[in-house]
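Only one structure is covered here, and it is reproduced in the block below.
In each ligand, atom 1 is the first atom listed, and ligand 1 is the first ligand listed. The analysis underlying the following values was restricted to heavy atoms, covering all of them including side chains, and did not include hydrogens, waters or symmetry mates.
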Amino acid sequence: MDYALQRRALLAEVRSGRTGVGEVCDASPYLLRAAKFHGVPTDTDCPVCRKESLIHVFWVYGDEIKHMAGSARLPRELETMAQTFGEFDVYQTEVCRTCTWNHLVASFVMGHKGAQAAPRTRRRAAK
Ligand SMILES: [Zn+2]
C-alpha cells in the first residue's frame, strides 16, 4: 500500500494553514531514537522544514516474529528476517529529526511465504 496521496493531502493542508505544523510534526522520542540508530538516510528534503533530508524507519509487526514485533529494523535485517520468518508486516515511516515531521510511506508484507502468493487464510491454516 502506498500513502503518497494521503501525504500530499496532509502537506497541502499544512501549507494552507488548515492543519497546524505542530499536529503533523509529532514524532515520538521513540521514533526519533529509531531514526537515529536504525534509520536509512534518503536524498529527499523534509517537506515541512526543508532543512534536513528525511530518514526512513522500517517497523516490523506480526505474530510470528514475537519479541521483534514493534521494533525498527534496517533493510539488511529485513532481508535476513524474510528468510527466517514466513510472514511479517513492515511499516515504512519517514521522519525528519529537525522538525519531527513523520508520515507513513508504505506498508508491505515480507517473509518467505509471501513469495508463494497463497491466500492469507490458507497460510494461516497451514501454521
Ligand atoms: Zn523537517
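- A donor-acceptor distance shorter than 3.5 angstrom exists from the side chain of Glu52 to the backbone of Thr98, with no hydrogens or angles considered.
- Side chain of Ser107 to backbone of Tyr91: no donor-acceptor contact under 3.5 angstrom is found.
- Asp45 meets the side-chain hydrogen bond (donor to acceptor under 3.5 Å, both in side chains) test with no other residue; sequence neighbours excluded.
- Computed with the Zn ion (ligand 1) at the centre, the Cys99 SG to Cys96 SG angle is 110°, stated to 10 degrees.
- Metal site remark for the Zn ion (ligand 1): Cys25 contributes no N, O or S atom at a distance under 2.8 Å.
- Taking the Zn ion (ligand 1) as the apex, the angle formed with SG of Cys46 and SG of Cys49 is 110°, to the nearest 10 degrees.
- Within a 6.0 Å radius of CZ in Arg15, other residues, nucleotides and ligands contribute more than 12 heavy atoms.
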